[in-house]
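Numbers restart at 1 for each chain; the letters A, B, ... are given by sequence-line order, proteins then strands. What you are looking at is a predicted structure, and each value in this text was computed from that prediction instead of being measured.
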2 protein chains.
Amino acid sequence: MEKDLKNIFEYAKNTRYSFCPVRDVITRISDKWSMLTIYALGAYGTLRFNELKVKIGDVSQRMLTVTLRNLEEDGMIKRKVYPEIPPRVEYALTPLGEGLLKQVSLLGDWAQEHGASIIKNRTKFAKKRKC
Amino acid sequence: MEKDLKNIFEYAKNTRYSFCPVRDVITRISDKWSMLTIYALGAYGTLRFNELKVKIGDVSQRMLTVTLRNLEEDGMIKRKVYPEIPPRVEYALTPLGEGLLKQVSLLGDWAQEHGASIIKNRTKFAKKRKC
DNA sequence: CGGGATCCCAGATGATACTG
DNA sequence: CAGTATCATCTGGGATCCCG
């Protein structure tokens, strides 16, 4: 196991400037709105741009656009434009996006379980430093 | 399942400004050096400050210090100072940190499996936009 | 309705010099 | 050796205005 980790770690080191899947995925999901967008589409299925905006709540128009473009670029969501006036655009998860949602949900389960310990540690540490 | 997701999503929405474990953990692991640090400690066990710096490779002294403080604050690593001259400080994962490493490794496995598709999508998308 | 284009700021990161 | 302090830089994200 430790040997495996060394290999993985060295691999990650060597490929950091080309493509490391782990870091790549983490980087993509770690911006402010990607996961919320994926969660919203996972929860409600297909949504139009403004529906999505309302569901998420406090995202700016610009950032929702940027986020959707990035997710589409990675194949996590698909974008369907209806040639109507006024325009209608629908977004939904792809199978790949659903897979990512599932993985992150698992990470979320762990976080739920251990979140309390993290908070406790953080509080304790704050006391140690500030007093 | 879809009902569950809606609940989780609404929960995440409502608690975004207090504490949402998922976002909290993602935020913490998503800075530039945290995961690399955790991987290094997972792979090599206990390491001194400069050993860690060499293993990671291109992290600045300042950012390694900041990263280690954050991880310590969350209880992911423990820091042991030996009162010697010259000073010696050793870092190692806590059980909590090992748990996080395991979870992220699982996400990493998924990323390894599907990384190729992501790259393919991204390339295809780039062609569509730039030509 | 669903964006695109521009400007701007706060916070994350880096480079360098110094120290117990 | 293991940091701290300071200054410079780079980037994500928000505000605002405009458009087909």
Q: Let me know, please, whether A/F49 or B/Q61 comes out on the 5' side of the other along DNA chain C by nearest nucleotide.
A: A/F49

Any [X] side-chain nitrogen or oxygen under 4.0 Å from OP1 or OP2 of [N]:
X: A/K53; N: C/dG3; result: no
X: B/R88; N: D/dA2; result: no
X: B/R79; N: D/dG3; result: yes
X: B/Y91; N: D/dC1; result: no

Separation of [N] [atom2] from [X] [atom1] (nearest whole Å):
X: A/L47; N: C/dG2; atom1: CG; atom2: C1'; answer: 15 Å
X: A/R69; N: D/dG13; atom1: CZ; atom2: P; answer: 17 Å
X: B/L36; N: C/dT13; atom1: CG; atom2: P; answer: 13 Å
X: B/E51; N: D/dC1; atom1: CD; atom2: P; answer: 10 Å
X: A/D31; N: C/dA12; atom1: CG; atom2: P; answer: 15 Å
X: B/L52; N: D/dC1; atom1: CG; atom2: C1'; answer: 14 Å
X: A/W33; N: D/dG13; atom1: CH2; atom2: P; answer: 9 Å
X: B/E84; N: C/dG20; atom1: CD; atom2: C1'; answer: 15 Å

Between [X] (side chain) and [Y] (backbone), is there a donor-acceptor pair under 3.5 Å?
X: A/R88; Y: A/K80; result: no
X: B/S105; Y: B/G108; result: no
X: A/R122; Y: B/N70; result: no

Q. Do you know which of A/T67, A/T27, A/D74 makes side chain to side chain contact (heavy atoms under 4.5 Å, CB included) with A/S34?
A.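 Result: among A/T67, A/T27, A/D74, A/T67 is the only option passing the side chain to side chain contact (heavy atoms under 4.5 Å, CB included) with A/S34.
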
Q: Specify the residue among A/P87 and A/M63 whose closest nucleotide of DNA chain D lies further upstream toward the 5′ end.
A: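 This one resolves to A/M63.
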
Q: Mark yes or no for a side-chain to base donor-acceptor pair under 3.5 Å between A/R62 and D/dG13, with no hydrogen or angle criteria applied.
A: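 Yes, a donor-acceptor pair under 3.5 Å.
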
